[in-house]
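Count residues from 1 along the sequence.
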Amino acid sequence: MREVFHQSLEDLQSKLVEIADLVTISIDKATRAFATSDVGLAEEVIADDADIDALAITLDEQAIEILARQQPVARDLRIVVTALRVSASLERMGDMSEHIAQLARLRFPERAIPKGLKGTFTKMGELDVEISRTLSQLLRTQDLRYADIIRNADDDVDELHATVFEKVLSDNWKGEATATVDATLASRYHERFADHAVAVAKKVVYLATGDWQVDEHDIPLAVEHQQELGHA
């Protein structure tokens with residue numbers, strides 16, 4: 001019976017990795033569609049978001065069944081609770097990818113990226129894709145060094161997000177109303193995508209440490225502690 005239970009827990013963790021991998025594919029396609037006005041790619045992202053949602057629902061149902069039938073405690077309980085919370089964040093990351101793709105589709109055949117911001121959005125997109133790939137590795141390995149990488153990359157995304165707002169609010173900004181709206185929305189979607197990744201990273205730290213109140217500044221300390229245990 002215990003073997004079946006632990007297999008169920010492993011299935012939960014495998015499903016999280018599967019969802020994270022789909023999210024990585026989604027944000028990669030979305031940012032490329034946004035940069036190149038590839039409406040076909042944007043349509044793929046929008047259609048495929050249903051797969052992310054369906055997997056998240058399946059995982060949640062499985063986690064709730066484990067809670068009801070097995071009544072796990074200690075670390076086993078943390079695994080189930082973490083899976084539920086991570087699933088919600090991953091689903092939101094998929095939504096952010098979809099929103100970016102929708103902007104690309106909305107402005108087709110014109111470019112959704114306003115003039116003067118192409119480099120900023122290109123870098124922001126690259127960071128989000130790298131964050132998502134790192135998140136998959138974090139969920140796959142539970143190596144908290146990946147959580148720290150995500151935290152640092154999120155700081156870079158936040159800086160780029162701030163530059164977009166500085167640009168559109170400056171006296172030199174010549175963009176029309178639609179360009180201003182597109183820039184602010186797209187920047188917000190990129191920034192929220194990274195924020196949700198940090199939220200997942202903090203939940204993995206909770207899984208590793210049992211500390212429910214995890215702040216971003218706690219992540220480096222958790223990394224050090226994990227490394228000390230590894231060398232002990």
Whether the side chain of Thr163 engages the backbone of Leu160 through a donor-acceptor N/O pair (distance < 3.5 Å, no angle test) should be reported.
yes
Is the side chain of Ser89 donor-acceptor paired with the backbone N or O of Ala199 at a distance under 3.5 Å, no angle test?
no
For Ile66, all residues meeting side chain to side chain contact (heavy atoms under 4.5 Å, CB included), sequence neighbours excluded:
Phe5, Ser8, Leu9, Leu12, Gln62, Gln70, Pro72, Val80
Distance in Å, Arg133 CZ paired with Ile25 CD1, rounded so as to fall on 0.5 Å steps:
10.0 Å
Is Ser37 reaching over with its side chain to a backbone N or O of Phe108, donor-acceptor style, under 3.5 angstrom?
no
Apply salt bridge (Lys or Arg N to Asp or Glu O under 4.0 Å) to residues Arg32 and Asp28 and explain how you reach the verdict.
CA-CA 6 Å; Arg32 286 192 284 125; Asp28 178 55; 3.3 Å; yes
Salt bridge (Lys or Arg N to Asp or Glu O under 4.0 Å) contacts touching residues 171-184 (sequence neighbours left out):
Arg107-Asp182
Heavy-atom closest pair, residues Val23 and Ser97
O-OG, 4.4 Å
Do Asp51 and Leu55 make a side-chain contact, defined as non-hydrogen atoms from C-beta onward lying under 4.5 Å apart?
no
Here the salt bridge (Lys or Arg N to Asp or Glu O under 4.0 Å) pairs for residues 189-209, sequence neighbours left out, are Arg188-Glu191, Arg192-Asp195
Leu138 and Leu221: same hydrophobic cluster, using ILVMFWY side-chain contacts below 4.5 Å?
no
By the salt bridge (Lys or Arg N to Asp or Glu O under 4.0 Å) test, which pairs, at least two apart or in different chains, include something from residues 150-168?
Asp148-Arg151
State the OH-OG1 distance between Tyr189 and Thr184, to the nearest 0.5 angstrom.
9.0 Å
Expected output: side-chain Thr24 to main-chain Ala20 donor-acceptor under 3.5 Å:
yes
Atom OG1 in Thr134, atom CD1 in Ile149: separation rounded to 0.5 Å?
5.5 Å
Could you walk me through whether Arg145 and Gln227 satisfy the side-chain contact (heavy atoms from CB on, under 4.5 Å) test, starting with their C-alpha distance in whole Å, then the side-chain angles of each, then the deciding distance to 0.1 Å, before giving a yes or no?
CA-CA 9 Å; Arg145 288 176 297 180; Gln227 289 176 332; 3.3 Å; yes
Would Ile46 and Phe193 show up in the same hydrophobic cluster when neighbours are defined by side-chain heavy atoms closer than 4.5 Å?
no
Tell me whether the rings of His190 and Phe121 are parallel (<30°), tilted (30 to 60°) or perpendicular (>60°).
tilted
Could you tell me if the side chain of Asp218 sits less than 4.5 Å from the side chain of Asp215, heavy atoms only?
yes
Smallest heavy-atom separation, Ala208 atom then Leu144 atom, equals CB-CD1, 4.0 Å
Roughly how far, to the nearest 0.5 Å, is CZ of Phe34 from CG of Leu103?
6.0 Å
Keeping to residues at least two apart or across chains, list the salt bridge (Lys or Arg N to Asp or Glu O under 4.0 Å) pairs with something in residues 80-104.
Arg92-Asp95
Within the side chain of Ser132, is there an N or O that forms a donor-acceptor pair under 3.5 Å with the backbone of Asp128?
no
Where is the tightest heavy-atom contact between Ser136 and Asp21, given as atom of each residue plus distance?
OG-OD1, 3.0 Å
Shared hydrophobic cluster for Met124 and Val45 (ILVMFWY, side-chain gaps under 4.5 Å):
no
So which heavy atom on Ile100 is nearest to which on Ala30, and how close?
CG2-O, 3.7 Å
Would Leu67 and Ile57 show up in the same hydrophobic cluster when neighbours are defined by side-chain heavy atoms closer than 4.5 Å?
no
Can you tell if the side chain of Asp48 reaches within under 4.5 Å of the side chain of Leu22, non-hydrogen atoms only?
no
For the atom pair OG1 (Thr36) and CD1 (Ile113), what is the distance rounded to the nearest 0.5 Å?
8.5 Å
Smallest separation among heavy atoms of Val164 and Ala183, with atom names:
CG1-O, 3.8 Å
Does some side-chain heavy atom of Leu117 sit less than 4.5 Å from a side-chain heavy atom of Thr120?
yes
Answer yes if the side chains of Arg140 and Gln137 hold a donor-acceptor pair under 3.5 Å, and no otherwise.
yes
Where do Leu16 and Ser87 come nearest, in terms of heavy atoms and distance?
CD2-N, 4.0 Å
Side chains of Gln7 and Asp11 in contact at under 4.5 Å (non-hydrogen atoms):
yes
Can you tell if the side chain of Leu90 reaches within under 4.5 Å of the side chain of Leu139, non-hydrogen atoms only?
yes
Within a strict 4.5 Å, meaning less than it, do heavy atoms of the Ile52 and Asp49 side chains meet?
yes
Listed partners of Gln142 passing side chain to side chain donor-acceptor pair (under 3.5 Å), at least two apart
Arg75
Should Trp173 and Pro114 count as side-chain neighbours, where that means a heavy-atom distance under 4.5 Å?
yes
Tell me whether Arg105 contacts the main-chain N or O of Val39 through its side chain, where contact means a donor paired with an acceptor under 3.5 Å.
no
What is the distance from atom CD1 of Ile27 to atom CD1 of Ile131, rounded to the nearest 0.5 Å?
9.5 Å
Determine whether a donor-acceptor pair (N or O, by modelled atom type, separation under 3.5 Å) exists between the side chain of His161 and the backbone of Val157.
no
